[in-house]
Amino acid sequence: MSKILEKQELIDRLIDLAFAEDIGDGDHTTLSSIPETAMGKSKLLIKEEGVLAGIEMAKEIFNRFDSSLKVEVFMQDGSHVKPGDVAMLVEGKIQSLLQTERLMLNVMQRMSGIATMTNKYVQALKGTKTRVLDTRKTTPGLRMIEKEAVKIGGGVNHRIGLFDMILLKDNHVDFAGGIDKAILGAKKYCKENNKDLKIEIEVRNFDELNQVLELGGVDRIMLDNFTPADTKKAVDIIAGRVETESSGGITFETLRDYAECGVDFISVGALTHSVKGLDMSFKAC
């Protein structure tokens, strides 16, 4: 795919696809039991403590399905919520409320789960300079909203996709024939194609780290599967010449150990690939 789709276009496509797979040729349960002219209200009821995310996306979903729905928001994205809180009230055709309910909840529960998880990591890093990064380990088709949820939770987006940064990982280095060839190839590519892209490279040991520092030309070094002790040693060797990132095998329990080594970033795939949704429901009122 050569064309980079704008964020809004990707979201519109996501909403359309989600409605297509859920409603098909009609929500026959709703259509058979609720008159077309019936009006009502539903509230978004929070049932679990966490960080709210997806309100703006929910508004997009309601508007795209039925622009006559009126949405009254009481709690914004990023709010800390608890059981019993009412985040928003939606008023309009009951048929529309029922047909948008599941998609809205699916999106908001997942985004809120990601924001809640991210915030937990962010809080654990308080007092250090380290920021938590997401990864590309996202649900296909949902990357834009999952990465938005990371930001809402206080984290930092790494790269959106393969198009907005060069990240030379172990396979790139091995296939290219080594550290030098990978870096020089990336720099040559950017120059020839007039691309202003940051270059990051993953290193697996101190030999590779020293090769990178000797050659230069990168913006960030990822320390892959380094122990905390080796991470501290590597950070001291790098001495602030480029940004540093820790990745690989880092758990919530070891997060602080890596941050205290002085790395700039820690990337955590678990923010998006294995998160639990935040419990909430959309109730008639």
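The figures that follow rest on heavy atoms only: side chains count, while hydrogens, waters and symmetry mates do not. Positions are given from 1, in the same order as the sequence printed here.
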Would you find a donor on one side and an acceptor on the other, under 3.5 Å apart, between the side chain of [X] and the backbone of [Y]?
{"X": "Thr139", "Y": "Leu142", "answer": "no"}
{"X": "Ser67", "Y": "Asn63", "answer": "no"}
{"X": "Gln99", "Y": "Gln95", "answer": "yes"}
{"X": "Thr254", "Y": "Asp257", "answer": "no"}
{"X": "Thr128", "Y": "Leu125", "answer": "yes"}
{"X": "Ser32", "Y": "His28", "answer": "yes"}
{"X": "Lys187", "Y": "Ile199", "answer": "no"}
{"X": "Arg241", "Y": "Ile238", "answer": "yes"}
{"X": "Arg110", "Y": "Thr272", "answer": "yes"}

Does [X] come within less than 4.0 Å of [Y], counting only side-chain N to carboxylate O?
{"X": "Asp85", "Y": "Lys43", "answer": "no"}
{"X": "Glu60", "Y": "Arg64", "answer": "no"}
{"X": "Glu48", "Y": "Lys276", "answer": "yes"}
{"X": "Asp224", "Y": "Lys169", "answer": "no"}
{"X": "Glu146", "Y": "Arg143", "answer": "no"}

Nearest-0.5 Å distance that lies between atom [atom1] in [X] and atom [atom2] in [Y]:
{"X": "Ile114", "Y": "Thr138", "atom1": "CD1", "atom2": "OG1", "value": "8.5 Å"}
{"X": "Leu271", "Y": "Lys147", "atom1": "CG", "atom2": "NZ", "value": "9.5 Å"}
{"X": "Glu91", "Y": "Lys41", "atom1": "CD", "atom2": "NZ", "value": "4.5 Å"}

Stepwise salt bridge (charged side-chain N to carboxylate O under 4.0 Å, His left out) test for Asp134 and Lys151: CA-CA 9 Å; Asp134 56 23; Lys151 289 199 295 183; over 6 Å; no
Tell me whether [Y] is reachable from [X] by hopping between hydrophobic residues (I, L, V, M, F, W, Y) whose side-chain heavy atoms are closer than 4.5 Å.
{"X": "Leu44", "Y": "Val81", "value": "yes"}
{"X": "Phe19", "Y": "Leu98", "value": "no"}
{"X": "Phe74", "Y": "Val71", "value": "yes"}
{"X": "Leu89", "Y": "Leu105", "value": "yes"}
{"X": "Val107", "Y": "Leu278", "value": "no"}

Distance-only polar pair, side chains of His158 and Glu200, donor-acceptor under 3.5 Å: yes
Distance-only polar pair, side chains of Thr135 and Ser267, donor-acceptor under 3.5 Å: no
Whether over 12 other heavy atoms sit under 6.0 Å from Glu214 CD: no
CD (Gln123) with more than 12 external heavy atoms under 6.0 Å: yes
Audit row: Asp264, Lys129, salt bridge (charged side-chain N to carboxylate O under 4.0 Å, His left out) steps and yes/no: CA-CA 6 Å; Asp264 296 301; Lys129 73 170 187 174; 3.2 Å; yes
Residues Phe65, Ser96; criterion side-chain contact (heavy atoms from CB on, under 4.5 Å); working and verdict: CA-CA 7 Å; Phe65 187 83; Ser96 295; 3.8 Å; yes
The single option from Asp66, Ile34, Leu69, Thr30 passing side-chain contact (heavy atoms from CB on, under 4.5 Å) against Leu97: Leu69
Audit row: Leu223, Glu245, side-chain contact (heavy atoms from CB on, under 4.5 Å) steps and yes/no: CA-CA 6 Å; Leu223 307 169; Glu245 175 185 340; over 6 Å; no
side-chain contact (heavy atoms from CB on, under 4.5 Å) between Glu243 and Lys198, worked out: CA-CA 11 Å; Glu243 292 179 336; Lys198 282 194 171 186; 4.2 Å; yes
So do the side chains of [X] and [Y] get within less than 4.5 Å of each other, counting heavy atoms only?
{"X": "Val218", "Y": "Val212", "value": "yes"}
{"X": "Glu56", "Y": "Glu148", "value": "no"}
{"X": "Arg136", "Y": "His273", "value": "no"}
{"X": "Met57", "Y": "Asp77", "value": "no"}

Phe252 six-ring face occupied by Lys120 cation (under 6.0 Å, within 45°): yes
Charged tip of Lys233 within 45° of Phe206 ring normal and under 6.0 Å: yes
Stepwise side-chain contact (heavy atoms from CB on, under 4.5 Å) test for Lys232 and Tyr258: CA-CA 8 Å; Lys232 179 66 169 66; Tyr258 282 90; over 6 Å; no
